[in-house]
Undergrad: 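Shown below is the structure under consideration.
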Amino acid sequence: MKAVHFGAGNIGRGFVGLILHKAGYEVVFADVNAELIDALASTPSYVVTEVGDGASVWTVDNYRALNSSTHEADVIAEIASADIVTTAVGPNILRFVAPLIAKAIAQRSADLEPLAVMACENAINATDLLKVEVVKALPDAALADGAIFANTAVDRIVPGQDRDAGLNVTVESFFEWAIESTPFGAVTPVIPDAHFVDDLAPYIERKLFTVNTGHATAAYHGFAAGVSSMSEAFSTPEIAAEVRAVLAETKALLVAKHDFDPEVQQAYIDKNMVRFANPELSDTVDRVGRQPLRKLGRNERFVGPAAELAERGLGSDALVRTMGIALEFDVAEDPQSVELQQLLSDSTADEFVTSVTGLDAAHPLYPAVVEVVRAHQK
Ligand SMILES: NC(=O)C1=CN([C@@H]2O[C@H](COP(=O)(O)OP(=O)(O)OC[C@H]3O[C@@H](n4cnc5c(N)ncnc54)[C@H](O)[C@@H]3O)[C@@H](O)[C@H]2O)C=CC1
Ligand SMILES: O=P(O)(O)OC[C@H]1O[C@](O)(CO)[C@@H](O)[C@@H]1O
């Protein structure tokens, strides 16, 4: 069995690559980072060290690595004969990998089983976004039948790694990979560590609006308070209280929308508060808050749940307050944070809200977000 995985970064090596390796796949990593790909290509194995309850140490081998920028044709040929293609490149990058997947589907022998395509990104229905781009790049849309596109929800905290760690990755011991089963029919790909679910929506929304909303809330409040590490952010009572406040709001939405048992959701929140504060995981507010413009997007971790709460007449004060605090995120190395600061000073609050959050002026959440943006404009 062979899997081609785009993005040999933290999640690529420390989660998706590891799980596919454990499932028995030969993994072909494809990445545009030449240094990373050269290191992988010249190294027979790397180590994934888990920290936390039930931690194990895993050695990943039986992989190859290709530079998808300089060796595009090789990557396409690998995908054309693979069983699975996965991505962990970031939602905004999917459109760049899509043409390679499209060319591979077009080249694929009709004798082969359809290619399983799964985007493993922190975004609602990321595989659907990828599919749109793949279909756009196909010479004939009917060729899309040569692939099965399935959405997934991936959950494992993989922080930035020490510079001297090389290819080795330290990850939390917890992980969850939920994949929608319906597109596959009766025969799902062989991935024992993943679980296949008929309806992914509750899983992805519970994950994104709890894990990612909570984590990013701590990052933005932490940054504004001058804290640099995530563990320090979580041990600051005022910041932990802000996280609990946003998670109480997203809980109200998840319970109302997906009929989650409130006690089960509270237990999920409590479990995640412990994960977030794991002192063995060295993580920074800069990493967790990265790409703030994406995170303030319409279907993302703050505006997404706050908009639905407002539509239901439910409160979202803590989410809106956090959107305001996120506007203080100013990290010179993060291009989106630089753009955010520029937009804040160049736009009116209405222009900013319309372009960044995608909220319509008639939306019930719109006035509160405009107000918080205005309050944070210098
Ligand atoms: N790190 C984490 O804890 C988690 C991350 N995720 C998601 O996984 C995705 C990746 O995140 P990380 O691994 O943390 O980021 P990362 O920055 O460590 O890895 C991304 C990799 O993608 C590569 N890349 C960029 N453009 C590319 C292209 N055109 N073709 C091929 N490779 C390309 C980069 O060179 C890099 O190696 C994101 O969508 C993130 O939201 C999801 C769950 C947890
Ligand atoms: O690209 P994003 O959305 O910041 O993804 C990384 C996030 O995902 C998480 O692993 C949670 O799934 C957090 O570590 C981090 O906040």
Side-chain angles (χ1 to χ4, degrees), residues 4-19 28-40 65-72 75 79 85-101 118-124 126-127 129-130 133 152-161 165 167 169-172 174-178 204 206-220 222 230 233 243 272 275-276 278 281-297 299-302 326 329 333-334 336-337:
V4 176
H5 176 78
F6 283 97
N10 293 328
I11 280 290
R13 301 200 309 288
F15 181 22
V16 181
L18 168 66
I19 288 181
V28 179
F29 288 105
D31 202 298
V32 292
N33 180 332
E35 199 183 332
L36 174 58
I37 285 298
D38 290 349
L40 273 167
L66 288 171
N67 187 321
S68 48
S69 176
T70 57
H71 289 69
E72 191 177 297
V75 174
I79 301 171
V85 61
T86 48
T87 71
V89 290
N92 301 340
I93 304 292
L94 291 172
R95 66 183 190 278
F96 300 115
V97 306
L100 280 71
I101 298 173
M118 294 171 286
C120 306
E121 317 286 348
N122 276 339
I124 305 272
T127 307
L129 305 176
L130 177 61
E133 298 296 330
T152 83
V154 286
D155 192 6
R156 162 166 265 180
I157 298 175
V158 187
Q161 305 295 309
L167 296 170
V169 201
T170 298
V171 304
E172 65 168 336
F174 175 88
F175 71 87
E176 187 172 24
W177 187 2
I204 186 87
R206 186 187 65 158
K207 190 267 172 174
L208 197 66
F209 299 162
T210 308
V211 181
N212 296 104
T213 305
H215 218 194
T217 295
Y220 292 133
M230 288 303 292
V243 177
N272 279 297
R275 280 177 73 198
F276 293 151
N278 186 344
L281 220 49
S282 157
D283 210 349
T284 64
V285 299
D286 290 6
R287 182 193 80 85
V288 179
R290 69 183 175 188
Q291 301 182 354
L293 290 175
R294 165 167 65 92
K295 291 189 166 101
L296 289 168
N299 299 314
E300 266 284 346
R301 57 207 77 185
F302 299 114
F329 193 70
E333 298 73 34
D334 184 328
Q336 280 200 14
S337 116

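For ligands, and for the atoms within them, numbers begin at 1 and follow the listed sequence.
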Undergrad: Determine, considering heavy atoms only, which of N122, V169, I37, N92 sits nearest to atom 43 (C) of ligand 1.
TA: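 Comparing heavy atoms across N122, V169, I37, N92, the nearest one to atom 43 (C) of ligand 1 lies in N122.
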Undergrad: In the protein, which heavy atom is nearest to atom 44 (C) of ligand 1, and how far is it?
TA: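 Looking at atom 44 (C) of ligand 1, the protein heavy atom closest to it is R156 O, 3.1 Å.
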Undergrad: Distance under 4.0 Å, heavy atoms only, partner ligand 2: which residues pass?
TA: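 The 4.0 Å shell around ligand 2 contains N122, D155, R156, I157, K207, V211, N212, H215, R287, V288, R290, R294, K295, R301.
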Undergrad: Got a sec, which residues hit side chain to side chain donor-acceptor pair (under 3.5 Å) with N278, two or more places apart in sequence or on another chain?
TA: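 None.
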Undergrad: Got an N/O contact under 3.5 Å between F6 and ligand 1?
TA: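 No: no nitrogen or oxygen of F6 is under 3.5 Å from one in ligand 1.
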Undergrad: Is D31 in polar range of ligand 1, meaning some N or O pair under 3.5 Å apart?
TA: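 Yes; the residue has a nitrogen or oxygen that sits under 3.5 Å from a nitrogen or oxygen of the ligand.
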Undergrad: Keeping Y220 on the side-chain end and F329 on the backbone end, is there a donor-acceptor pair under 3.5 Å?
TA: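 Looks like no, no N/O pair under 3.5 Å.
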Undergrad: Look at atom 4 (C) of ligand 1 and say which protein heavy atom is nearest, naming residue and atom and giving the distance to 0.1 Å.
TA: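 Atom 4 (C) of ligand 1 sits closest to the protein heavy atom I11 CG1, 3.1 Å.
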Undergrad: With side-chain contact (heavy atoms from CB on, under 4.5 Å) as the test, would you mind laying out the steps for R275 and E172 before giving the verdict?
TA: CA-CA 8 Å; R275 280 177 73 198; E172 65 168 336; 2.3 Å; yes
Undergrad: Using distance alone, determine whether N33 and ligand 1 share an N or O pair under 3.5 Å.
TA: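 No, since none of the N or O atoms of N33 sits under 3.5 Å from an N or O of ligand 1.
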Undergrad: Give the residue and atom name of whichever protein heavy atom lies nearest to atom 12 (P) of ligand 1, and the separation in Å to one decimal.
TA: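 Answer for atom 12 (P) of ligand 1: R290 NH2, 3.8 Å.
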Undergrad: At what distance is the nearest protein heavy atom to atom 25 (C) of ligand 1, and which residue and atom is it?
TA: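 Nearest protein contact, heavy atoms only, for atom 25 (C) of ligand 1 is V32 CG2, 3.9 Å.
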Undergrad: Working to the nearest 0.5 Å, report the span between CZ of R95 and CG of L129.
TA: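 R95 CZ to L129 CG: 11.5 Å, rounded to 0.5 Å.
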Undergrad: If the contact criterion is a heavy-atom separation under 4.0 Å, does G160 count as touching ligand 1?
TA: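 Under 4.0 Å: no for G160.
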Undergrad: Taking distance alone, with N or O pairs closer than 3.5 Å, would you say N10 contacts ligand 1?
TA: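 The answer is yes, given that N10 and ligand 1 share an N or O pair closer than 3.5 Å.
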Undergrad: Out of N67, I93, I157, indicate the one that has the non-hydrogen atom closest to atom 26 (N) of ligand 1.
TA: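 Heavy atom nearest to atom 26 (N) of ligand 1 belongs to I93.
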Undergrad: Which part of C120 is near ligand 1, with near meaning a heavy atom under 4.0 Å away: side chain, backbone, both or neither?
TA: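 C120 to ligand 1: backbone contact only, side chain stays beyond 4.0 Å.
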Undergrad: What residue and heavy atom of the protein are closest to atom 20 (C) of ligand 1, and at what distance?
TA: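 Checked against all protein heavy atoms, atom 20 (C) of ligand 1 sits closest to A88 O, 3.6 Å.
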Undergrad: Pick one of side chain, backbone, both or neither for how V97 approaches ligand 1, counting any non-hydrogen atom pair under 4.0 Å.
TA: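 It is the side chain that touches ligand 1; the backbone stays farther off.
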Undergrad: Name all residues meeting the salt bridge (charged side-chain N to carboxylate O under 4.0 Å, His left out) criterion together with D283; count only those two or more places apart in sequence or in a different chain, and write none if there are none.
TA: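 Applying salt bridge (charged side-chain N to carboxylate O under 4.0 Å, His left out) to D283 gives R287.
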Undergrad: Could I get the full list of ring-ring contact (aromatic ring centres under 6.0 Å, His included) partners for F29, not counting sequence neighbours?
TA: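 For F29 the ring-ring contact (aromatic ring centres under 6.0 Å, His included) partners, ignoring immediate neighbours, are Y63.
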Undergrad: Any chance you could measure Q336, atom CD, to R290, atom CZ, to the nearest 0.5 Å?
TA: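 Answer rounded to 0.5 Å: 10.5 Å.
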